[in-house]
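Presented below is the structure to which this report refers.
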There are 2 protein chains.
Amino acid sequence: MSDLAIPPRPTLAAVAELAGVSASTASLAFSGSGPVSAATRERVLAAAEQLGYGGPDPRAAALRRGRSGVVGVVMEDRLADAFRDPINVAMLDGVADEAGAAGAGLLLLTESGGEVGQLTSAPMDAAILVGCSTRLDESVDRLRRRGLPVVAIEADDREGVLTIGLDNREASAAGAEHLRSLGHTSVAVVALPLDGTGGGTPLPADWESRATVHTTIERLRGLRDVYPDFPGVVATGSTIEAGMDAGRELLALTPRPTAIVAQSDLLAVGVLRAAEEAGLRIPHDLSVIGFDGIRPELVRPWDLTTLVQPAQEKGRAAGAAVVRLLAGETPEPACFRCALHVGATTGPAPSVR
Amino acid sequence: MSDLAIPPRPTLAAVAELAGVSASTASLAFSGSGPVSAATRERVLAAAEQLGYGGPDPRAAALRRGRSGVVGVVMEDRLADAFRDPINVAMLDGVADEAGAAGAGLLLLTESGGEVGQLTSAPMDAAILVGCSTRLDESVDRLRRRGLPVVAIEADDREGVLTIGLDNREASAAGAEHLRSLGHTSVAVVALPLDGTGGGTPLPADWESRATVHTTIERLRGLRDVYPDFPGVVATGSTIEAGMDAGRELLALTPRPTAIVAQSDLLAVGVLRAAEEAGLRIPHDLSVIGFDGIRPELVRPWDLTTLVQPAQEKGRAAGAAVVRLLAGETPEPACFRCALHVGATTGPAPSVR
DNA sequence: CTGTTAGCGCGTTCAC
DNA sequence: GTGAACGCGCTAACAG
């Protein structure tokens with residue numbers, strides 16, 4: 001581990017001089033986008049080889065071109081948390097597919113990252129906002145002032161932002177409708193966080209005015225469209241553990257709900273575990289419905305009733321939108337739909353059996 | 001969705017002029033790192049506000065400073081695959097923790113991404129190589145020629161690269177030793193990919209000379225240290241599905257192995273499913289051992305015997321190393337150790353019971 | 001505390 | 001097909 005030291009890097013000019021051509025010619029030889037004779041290119045490349053020149057400095061190229069080839073992906077506070085939910089991973093996957101194919105790198109950022117905020121200081125050509133929370137508005141402002149095109153996934157419509165949506169409300173309502181058709185009258189919800197703060201608390205009555213996370217609100221609204229009243233708890237995040245905690249609390253209610261609506265599959269799995277722990281039979285004693293439709297193997301051994309969302313498609317759409325925006329086109333906003341998968345975790349309400 | 005168009009951005013100079021100060025003073029007002037009177041800063045900020053100026057252009061700042069505040073993370077070919085294995089996610093998490101704390105953004109790259117290769121054209125200050133495969137050498141060359149410090153996770157030692165290692169060989173040997181102490185004489189392996197190509201084939205006899213993935217080789221060597229001869233298959237990736245496929249093949253061998261060594265926990269879970277499918281009792285009829293120690297809930301309902309590696313620590317070390325390298329320090333290479341977790345998927349060999 | 005002076009390393013006009 | 005000049009937008013030195 002000797003020389004990790006950085007040797008002085010040759011510049012294009014040095015290469016050009018060695019090759020006996022002008023800097024601009026050398027530049028063309030590298031970018032390949034101009035008319036350069038094969039012989040000249042050859043000489044330039046040879047000179048570069050000899051000097052150990054690794055190609056044009058991307059920083060300078062970025063300044064000159066006004067493009068850095070980087071797309072920012074802005075996620076929740078901790079990357080850790082974001083990565084933990086497979087649905088986010090699937091989405092990122094879609095983004096990487098499209099943006100990557102267009103030659104863009106993905107720069108992972110958090111809204112609160114860094115000192116003054118990476119949002120203001122990171123070199124990028126556009127940004128995709130994911131899992132939008134409280135600071136969305138502020139983030140958008142910062143990005144827009146930098147002149148960057150912004151694409152948001154599942155966010156409130158906002159001036160200057162292209163939104164890739166999901167029918168959260170309708171889908172949730174469809175899930176609730178499914179429960180209602182099974183005769184459930186006593187349902188409870190495990191909600192995703194309402195805002196940037198803690199969670200792990202009962203769902204407040206005034207959630208609609210207090211919550212700031214678009215997805216959470218819309219899913220709650222969908223449930224309310226079918227069940228005007230329901231108790232619930234706010235989970236600390238989209239994890240199995242949080243789902244277990246929430247499940248334990250809800251199962252201790254009297255009367256015990258006959259169905260629990262979890263706002264994500266991971267939460268649903270946690271609820272199922274809590275139910276198992278309490279000795280309840282699924283779906284005989286309790287019905288559980290999730291949201292997302294993550295890969296079934298992660299939910300094993302249950303066949304979870306859930307709302308399957310096209311996460312990767314969503315990501316792909318966002319990636320494609322950014323690419324088009326950067327190409328000067330004006331892509332249309334999109335809205336994806338979920339499909340209800342009726343599995344084996346929902347059944348008739350105990351009272352009607 | 002009207003004006004996603006990018007309005008002309010004001011420059012620092014314009015702001016400075018409006019504020020009636022020089023450009024450099026304005027610059028200081030923004031970076032905050034110089035002596036500027038509160039009143040002056042105030043005026044500059046007000047002018048910026050008025051013009052809708054969003055702060056210094058990161059591209060220009062990067063060129064001038066020679067730093068872009070971005071650390072590249074180079075992963076396997078498809079980001080999708082990388083994200084699918086929780087062990088990678090855990091590691092990324094560690095990297096994000098350290099690098100993020102230092103204010104750096106993580107730029108996700110693939111070795112083959114983009115046209116001419118993002119490795120050459122992406123603006124970054126340093127790179128972390130992860131899941132090193134065939135093209136490692138070439139990648140390192142490209143990065144080193146750009147004068148970038150390079151940190152590699154689990155790679156062969158190489159001039160000019162700081163390696164963060166794992167005791168893959170020793171750990172695998174310890175796992176094998178565990179099986180031997182239980183009386184197993186007939187073990188088979190499910191190997192991670194040997195190189196960038198397909199997989200899904202029997203493990204060739206000359207794997208040692210053919211394989212290019214450091215981690216795979218070292219783990220195979222560790223197994224061989226205890227069991228000189230063993231059959232095996234090469235999985236197509238680190239997934240449960242690939243593990244199932246591999247498991248089915250190995251369980252069809254005659255004589256059927258009494259123990260299967262999987263090179264990752266996901267593969268092990270796949271093998272367990274294949275065993276279940278074949279009606280085998282675990283560990284009565286078959287012992288299975290994994291590698292990684294991903295979160296237990298992902299392996300449920302089994303309590304998998306596995307080699308627990310400190311993945312997040314590994315990532316953290318890599319992140320810290322990069323940060324120190326960028327600070328001009330010379331961090332030492334590190335090597336982490338795994339711990340054998342004896343779960344409920346390994347037991348005495350059938351013949352000795 | 002603030003202004004002046006020079007570039008950072010390259011890509012892009014134009015001419016030739 | 002090639003070269004000369006200019007400036008992308010900012011910041012590090014210095015001088016005042």
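Numbered from 1 within each chain, the chains take letters A, B, ... in sequence-line order. Just so you know, these numbers come straight off a predicted model, no measurement behind them. Below, each value reflects all heavy atoms present in this structure, side chains not excepted, and no hydrogens, waters or symmetry copies.
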Under 3.5 Å, is there a donor-acceptor pair linking the side chains of A:S37 and A:T40?
yes

What's the CZ-C1' distance between B:R59 and C:dG11, to the nearest Å?
14 Å

Rounded to whole angstroms, how far apart are CZ on A:R67 and C1' on C:dT12?
16 Å

Would you indicate, yes or no, if D:dG3 has its OP1 or OP2 atom less than 4.0 angstrom from a side-chain nitrogen or oxygen of A:S22?
yes

Could you check whether A:Y53 gets within reach of a base, just the sugar-phosphate, or nothing at all, counting any heavy atom under 4.0 Å?
sugar-phosphate

It should be established whether B:T25 places a side-chain nitrogen or oxygen under 4.0 Å from OP1 or OP2 of nucleotide C:dT2.
no

Between A:S37 and D:dG1, is there a side-chain N or O to OP1/OP2 distance below 4.0 Å?
no

Indicate whether the side chain of A:T25 and that of A:S22 have a donor and an acceptor atom separated by less than 3.5 Å.
yes

A:G165 backbone acceptor or donor facing A:T163 side chain under 3.5 Å
no

Euclidean distance, atom CG of residue B:L63 to atom P of C:dG11 [Å, nearest integer]
11 Å

Tell me whether the OP1 or OP2 atom of D:dG3 has a side-chain N or O from A:S24 closer than 4.0 Å.
no

Over how many whole Å does the gap from B:R146 atom CZ to C:dC10 atom C1' extend?
14 Å

Can you tell me if A:T11 touches the phosphate of C:dG9, counting only side-chain N or O atoms and a distance under 4.0 Å to OP1 or OP2?
no

Roughly how many Å is it from CZ in B:F30 to C1' in D:dA12, rounded to a whole number?
18 Å

Tell me if a side-chain donor or acceptor on B:N88 pairs with a main-chain N or O of B:A82 at a distance below 3.5 Å.
yes

Main chain of A:V323, side chain of A:E98: is a donor-acceptor contact present, judged purely on distance under 3.5 Å?
no

Which part of the nucleic acid, if any, lies within reach of B:T40 when heavy atoms closer than 4.0 Å are counted: base, sugar-phosphate only, or nothing?
sugar-phosphate

For a quick check of understanding: with a heavy-atom distance under 4.0 Å over all strands, which category does A:L12 fall into, base, sugar-phosphate or nothing?
sugar-phosphate

Rounded to the nearest Å, what distance is computed from the CD atom of residue A:E17 to the C1' atom of nucleotide D:dA4?
15 Å

Using the closest heavy atom to pick a nucleotide of DNA chain C for each, name whichever of B:L28 or B:R64 lands nearer the 5' end.
B:L28

It should be established whether B:R65 places a side-chain nitrogen or oxygen under 4.0 Å from OP1 or OP2 of nucleotide D:dA12.
yes

